[in-house]
There are 2 protein chains.
Amino acid sequence: MIQPRPRTIPEATVGRLAVYLRVLTGLADGGRTTVSSGELASAAGVNPAGLRKDLSHLGSCGVRGVGYEVTALRERIARVLGAERSRACVLVGIGNLGTALADYAGFGSRGFRFVGLFDAAPSQVGQEIGGLTVQHMSELEATVAEHEATIGVIATPAEVAQSVCDRLAAAGIRSILNFAPVTLTAPVGVDVRPVDLSVELQVLAFLGQQRTARAAEVTA
Amino acid sequence: MIQPRPRTIPEATVGRLAVYLRVLTGLADGGRTTVSSGELASAAGVNPAGLRKDLSHLGSCGVRGVGYEVTALRERIARVLGAERSRACVLVGIGNLGTALADYAGFGSRGFRFVGLFDAAPSQVGQEIGGLTVQHMSELEATVAEHEATIGVIATPAEVAQSVCDRLAAAGIRSILNFAPVTLTAPVGVDVRPVDLSVELQVLAFLGQQRTARAAEVTA
DNA sequence: AGCCGCTTGTGAACGCAGGAACAAAGTCGC
DNA sequence: GCGACTTTGTTCCTGCGTTCACAAGCGGCT
């Protein structure tokens with residue numbers, strides 16, 4: 001059995017494919033039928049050559065001299081990323097951030113659907129967000145099993161994030177997106193992707209400070 | 001004039017330094033005085049050798065045979081990252097996400113302070129969040145100038161993000177953290193760091209799917 | 001005082017991502 | 001029908017990040 005294409009796609013490429021998918025959706029809504037690599041790269045903020053290399057990972061899909069067909073490319077990327085089928089997710093921690101995430105329409109159009117929202121505080125339980133009712137943490141395991149959810153999102157305070165992570169992993173969750181500002185440890189077979197807003201802000205500030213320092217140096 | 005140390009620190013290292021800073025703060029609160037590279041690396045989820053290389057960018061600070069002094073290392077990292085002095089930030093878009101960001105205490109302890117919260121909807125203007133009153137967009141430029149803010153955060157819907165970006169850049173903002181799911185273009189001298197939650201989720205899902213596919217293949 | 005174990009800091013090798021340049025291929029104009 | 005132009009797909013190369021491995025240095029013990 002031959003392998004149709006090298007099924008290992010670099011992580012950096014995957015992130016950009018998701019961006020291309022978003023741009024292509026916008027182009028399709030605008031009525032565009034074809035797009036060149038240069039134009040698409042400009043809209044996505046990347047190098048044209050790099051974009052073509054990214055796209056080459058999923059086989060030739062463009063037409064030389066013309067460009068890429070918008071809808072065909074979009075569907076192909078969606079298939080590779082697995083965005084065509086809906087994936088069940090659960091969200092733990094219904095604070096401001098959790099509410100924002102539960103309400104965010106962008107997830108639904110990308111193949112993700114929340115099947116459970118959980119919080120430990122009784123004051124939060126029962127309220128309705130984005131068509132779902134917030135449940136108490138005690139129902140976490142049952143809901144995960146019922147919908148066979150494989151993705152979990154942690155938007156809790158840092159203190160309880162590790163215990164939530166443990167419970168999610170034990171309940172069968174395989175992928176965790178962590179917004180809590182702590183480094184989580186999960187059993188093998190479960191991967192955690194941290195999204196730390198403070199870190200992002202600090203990196204941004206440092207790069208800016210470094211840039212201005214260099215500029216001042218050149219002037220001197 | 002000699003340069004005390006190579007002042008170009010890799011971006012990836014800066015991101016990890018911010019994580020070390022967080023871990024060190026936790027250790028200091030716990031009463032620890034010294035810590036070894038192995039322990040710190042484990043707590044931060046990175047390789048010990050990589051951690052030492054990261055730390056070497058800011059000059060030798062550890063004691064061989066013992067480890068690093070927690071508070072000294074913390075202050076040195078904070079100084080390099082510029083977290084010791086307070087930086088003025090403005091936040092545009094007071095939806096659920098914007099509210100979460102404005103309320104997040106983690107920013108303040110890292111040297112960031114919001115000096116202005118802005119929204120275009122009159123219904124949002126006037127409410128108080130985290131000690132600040134939400135202002136109308138029309139006051140954006142005046143507030144930025146008054147506080148000499150250099151960092152801006154965009155948490156608006158995608159449709160208006162580019163125009164907000166333009167206004168921030170024109171007002172004197174040099175660094176922008178963008179949560180809107182669009183690729184922004186900014187003039188030279190202004191750098192934009194995108195934080196796309198859908199992209200993060202899609203990358204996570206893809207990696208999980210790839211992992212399970214490979215596992216199934218091995219079994220076969 | 002001298003030795004031993006522990007830990008840091010650095011040098012080297014490896015693998016990977018990014019960028020530029022080029023060949024292949026298809027379309028449009030004549 | 002043929003040539004020129006446009007655009008893709010690929011290949012090479014350069015630079016960066018990460019990892020491994022080892023020498024150097026410091027504290028503690030005898």
Side-chain angles (χ1 to χ4, degrees), chain A residues 4-20 24 27 32-70 72-74 76-77 80 199 203 206-207 210, chain B residues 4-20 24 27 32-70 72-74 76-77 80 183 194 199 203 206-207 210:
Chain A
R5 65 184 66 110
R7 91 258 285 129
T8 60
I9 299 182
E11 183 170 330
T13 294
V14 175
R16 285 189 297 266
L17 283 177
V19 175
Y20 305 155
L24 286 167
L27 287 174
R32 288 288 301 270
T33 56
T34 61
V35 67
S36 72
S37 68
E39 197 176 355
L40 189 54
S42 160
V46 299
N47 188 295
L51 182 139
R52 292 199 295 272
K53 183 172 293 190
D54 287 339
L55 261 44
S56 75
H57 281 114
L58 29 89
S60 287
C61 194
V63 180
R64 297 171 192 237
V66 178
Y68 300 90
E69 201 193 338
V70 172
L73 183 59
R74 178 166 63 112
R76 179 172 285 211
I77 294 178
V80 170
V199 170
V203 171
F206 179 81
L207 295 180
Q210 203 175 38
Chain B
R5 66 183 67 109
R7 91 253 286 122
T8 60
I9 300 181
E11 184 171 331
T13 294
V14 175
R16 285 188 297 264
L17 284 177
V19 176
Y20 306 155
L24 286 169
L27 288 175
R32 287 289 299 272
T33 58
T34 61
V35 67
S36 72
S37 68
E39 196 176 356
L40 189 54
S42 159
V46 300
N47 188 296
L51 181 138
R52 290 199 298 271
K53 181 157 289 195
D54 287 339
L55 260 44
S56 75
H57 280 114
L58 29 90
S60 287
C61 195
V63 179
R64 296 169 193 239
V66 178
Y68 300 90
E69 202 196 336
V70 172
L73 183 57
R74 178 166 64 112
R76 180 173 286 213
I77 294 178
V80 170
T183 307
V199 170
V203 171
F206 179 81
L207 295 180
Q210 203 176 35

(message) For a 4.0 angstrom threshold against heavy atoms of chain B, report the outermost contacting nucleotides of DNA chain C in 5' to 3' order.
(response) dC6(C) to dA12(C)
(request) Grab the CG-C1' distance between Leu55(A) and dT10(D) for me, whole Å please. (result) 14 Å
(request) Quick one, give me the B/S/- string for nucleotides 18-26 of chain D, reading 5' to 3', where B means a protein heavy atom under 4.0 Å from the base and S means that only happens at the primed atoms, P, OP1 or OP2. (result) SBBB--BBB
(message) Closer than 3.5 angstrom, by distance alone: can the side chain of Arg76(A) be matched with the main-chain N or O of Leu58(A) as a donor-acceptor pair?
(response) yes
(message) Using every non-hydrogen atom in the two residues, find where Ile77(A) and Tyr20(A) come nearest and quote the distance to one decimal.
(response) CD1-CB, 4.1 Å
(request) Please report the shortest heavy-atom distance between Tyr68(B) and Ser37(B), naming the atom on each side. (result) CE1-CB, 4.0 Å
(message) Can you pull out the residues from residues 36-45 of chain B that lie within a 4.0 Å heavy-atom distance of DNA chain C?
(response) Ser36(B), Ser37(B)
(message) The test is side chain to side chain contact (heavy atoms under 4.5 Å, CB included); show your working for Leu24(B) and Val70(B) and say whether it passes.
(response) CA-CA 6 Å; Leu24(B) 286 169; Val70(B) 172; 4.2 Å; yes
(request) Can you see which heavy atom on Val80(B) is nearest to which on Phe206(A), and at what distance? (result) O-CE1, 3.3 Å
(request) Any chance you could measure Thr8(B), atom OG1, to Gln210(A), atom CD, to the nearest 0.5 Å? (result) 6.5 Å
(request) Of all the heavy-atom pairs spanning Val199(A) and Ala18(B), show the shortest one and how long it is. (result) CG2-CB, 3.9 Å
(request) Check whether any side-chain heavy atom of Leu40(B) sits under 4.5 Å from a side-chain heavy atom of Val46(B), and report yes or no. (result) no
(message) Closest-nucleotide mapping onto DNA chain C: is Ser56(B) or Glu11(A) further toward the 5' terminus? I mean the 5' end.
(response) Ser56(B)
(message) So which atom in Val19(A) and which in Ala44(A) form the shortest heavy-atom distance, rounded to 0.1 Å?
(response) CG1-CB, 4.0 Å
(message) For the CZ atom of Arg16(B) and the NE2 atom of His57(B), what is their distance to the nearest 0.5 Å?
(response) 9.5 Å
